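I'd like to ask some things about the structure below.
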2 protein chains.
Amino acid sequence: MTGQVRTVDGRVAGRRGQETRQKLLDCLREMLSTSPYRDVKVIDVARMAGTSPATFYQYFPDVEGAVLEIAEEMAKDADTLKELVAGKSWAGKSGPTTSEELVDGFLAFWRKNDAILRVVTLGAAEGDKRFFKIRMTVLNAVAKPLADSVKELQAKGQADKSLDPNAVAGALVSLLASAAEHQKAFTSWGVKIKDLKPNLAPLVYLGVTGKKPPK
Amino acid sequence: MTGQVRTVDGRVAGRRGQETRQKLLDCLREMLSTSPYRDVKVIDVARMAGTSPATFYQYFPDVEGAVLEIAEEMAKDADTLKELVAGKSWAGKSGPTTSEELVDGFLAFWRKNDAILRVVTLGAAEGDKRFFKIRMTVLNAVAKPLADSVKELQAKGQADKSLDPNAVAGALVSLLASAAEHQKAFTSWGVKIKDLKPNLAPLVYLGVTGKKPPK
DNA sequence: ACTTGTCCTGTCATGCCGTCAGCTTACCGT
DNA sequence: ACGGTAAGCTGACGGCATGACAGGACAAGT
């Protein structure tokens with residue numbers, strides 16, 4: 001399906017080539033989490049990987065191209081986020097638990113991939129279609145099943161039908177993404193990192209069900 | 001208070017100098033809204049302003065330095081956002097109105113400054129203290145008075161006291177910021193731009209008061 | 001006209017970008 | 001074992017951005 005990995009000039013990459021390629025991606029990932037995106041240079045990545053800039057250009061058209069590669073890898077991984085919502089119950093006592101686990105899982109995922117997600121978020125905001133698509137893949141992993149949950153609750157008459165389920169789910173996921181990306185902001189508002197989950201979870205519950213969480 | 005504008009090498013800028021400086025800032029602003037941040041080069045800004053790179057470096061240490069200047073200007077402007085919340089009532093029929101006006105005003109501000117806010121957001125996420133501070137100034141213009149409103153409602157027994165007002169206000173502002181920055185995401189979820197306000201406003205109301213908005 | 005201080009730019013050293021030709025290395029069939 | 005072929009890597013190069021400086025242009029006051 002995906003075909004073999006190819007170099008920029010069309011050759012197929014063998015074992016050694018793939019290793020080098022992967023090493024470059026790993027080093028780029030590392031650089032992204034230590035330097036501002038604007039200052040990440042091909043030569044630095046190549047140096048860190050113990051190779052030359054020319055080698056980098058064998059495998060990637062430019063820094064952005066390589067970043068996209070990393071981002072796509074991460075987007076695949078985001079598929080596991082679905083399980084945080086799909087099939088979970090929002091009724092009774094299990095509701096708040098579902099909400100907490102969702103918040104926790106999402107924040108953990110974002111924290112784990114924060115460097116690459118920063119760049120993806122920027123690219124998407126700048127209108128780059130490729131980054132936008134990747135960002136939607138990640139958000140949709142949660143937003144789609146979440147919207148389904150809202151629809152289900154509405155059908156059962158357990159939630160306000162005047163709200164658009166897609167809008168609600170989207171807004172909640174946006175909130176989680178924003179909170180994850182800017183945890184420090186909450187610290188400056190006097191909310192400790194460990195208090196983030198207990199404070200966000202009731203809001204998510206509130207958004208999904210339209211009701212205050214039970215004690 | 002602010003002292004005169006100075007060049008990088010310490011001279012005070014006169015009338016003509018300030019004009020050139022301002023023109024460079026305007027052109028940079030323009031560039032930021034048309035090219036990816038990573039690709040904005042000093043030479044392009046200088047060319048657009050009809051001057052030379054050397055002139056740019058007379059007034060700014062680098063692109064980032066000039067961006068900070070623009071961002072600080074915008075942060076001052078954000079002060080007007082306070083009036084969207086301060087002194088507004090969340091009781092009865094005026095509650096939903098307050099909520100709608102807040103959403104509307106905030107989205108409008110973000111849209112107006114989206115290019116520069118994108119860079120500020122990135123800088124803050126990357127841990128740059130200067131950008132972080134500017135971002136907090138903008139968000140706090142809404143978050144502080146919003147937290148006060150929540151506290152007030154809690155004191156009157158009209159809202160759930162188990163929630164931290166600062167966390168709630170912060171989360172709601174984060175949501176608005178994220179929604180404003182990524183409006184296209186909502187479009188892809190089937191929520192039209194013009195439907196964004198009517199969908200976000202009830203959520204804000206819900207977050208602040210803990211109650212469903214009245215019909 | 002002369003002086004003074006502001007303002008701009010030509011020029012230069014440095015360093016990254018992105019490409020190519022060419023060398024080395026690994027694999028494979030005979 | 002050996003030669004052929006394709007993969008893999010890099011030195012080197014022209015081009016461009018960066019950032020510093022010195023000197024020339026310019027405006028304003030005397």
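All values reported here derive from a predicted model rather than from experimental measurement. Sequence lines set the chain letters: A, B, ... in the order given, protein chains first and strands last, and positions in each chain run from 1.
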For this session: Pick base, sugar-phosphate or nothing for Thr20(B), based on heavy-atom distances below 4.0 Å to the nucleic acid.
Result: sugar-phosphate
Problem set entry | Nearest-angstrom distance from the residue atom CZ of Phe56(A) to P of dT10(D) |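 The answer, rounded to whole Å, is 14 Å.
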For this session: For Gln18(B) and dC8(C), give me the distance from atom CD to atom C1', rounded to whole Å.
Result: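 Atom-to-atom, Gln18(B) to dC8(C), this comes out as 16 Å.
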Seminar exercise, completed: Here the distance between atom C1' of dC9(D) and atom CZ of Arg21(A), to the nearest Å, is 16 Å
Exercise. With respect to the phosphate group of dT9(C), does any side-chain polar atom (N or O) of Thr55(B) fall under 4.0 Å of OP1 or OP2?
Worked result: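 Checking dT9(C) against Thr55(B), a side-chain N or O does come within under 4.0 Å of OP1 or OP2.
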Exercise. Which parts of nucleotides 11-26 of chain C does protein reach within less than 4.0 Å, heavy atoms only, written one letter per nucleotide 5' to 3' as B for base, S for sugar-phosphate only and - for none?
Worked result: -----SSBBB------
For this session: Anything under 30° is parallel, anything over 60° is perpendicular, the rest tilted; go ahead and classify Phe186(A) against Trp189(A).
Result: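 Phe186(A) vs Trp189(A) ring planes: perpendicular.
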Exercise. Donor-acceptor pair, Asn140(B) side chain versus Met136(B) backbone, under 3.5 Å?
Worked result: yes
Exercise. Donor-acceptor pair, Ser35(A) side chain versus Asp39(A) backbone, under 3.5 Å?
Worked result: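 Answer holds: no.
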For this session: State whether Ser52(B) places a side-chain N or O below 4.0 Å from either non-bridging phosphate oxygen (OP1 or OP2) of dG10(C).
Result: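 No, because none of the side-chain N or O atoms of Ser52(B) sits under 4.0 Å from OP1 or OP2 of dG10(C).
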For this session: Please report, rounded to the nearest Å, how far the P atom of dA17(D) is from the CG atom of Asp39(A).
Result: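 For the pair Asp39(A) CG and dA17(D) P, the rounded distance is 17 Å.
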Exercise. Among all residues two or more places apart in sequence or in another chain, which pass the side-chain contact (heavy atoms from CB on, under 4.5 Å) test with Lys88(B)?
Worked result: Thr98(B), Glu101(B)
Exercise. With a 4.0 Å cut-off on heavy atoms, is Phe60(A) in touch with a base, just the backbone sugar-phosphate, or nothing at all?
Worked result: nothing
For this session: Answer yes or no: is there a donor N or O on one side and an acceptor on the other, between the side chain of Thr209(A) and the main chain of Tyr205(A), under 3.5 Å?
Result: yes
Exercise. Considering residues, nucleotides and ligands other than Lys151(B), do more than 12 of their heavy atoms fall under 6.0 Å from its NZ?
Worked result: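 Yes - once you tally the heavy atoms of other residues, nucleotides and ligands closer than 6.0 Å, there are more than 12.
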For this session: Send over the distance from Tyr59(A) OH to dC9(D) C1', rounded to a whole Å.
Result: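 Roughly 8 Å, once rounded to whole Å.
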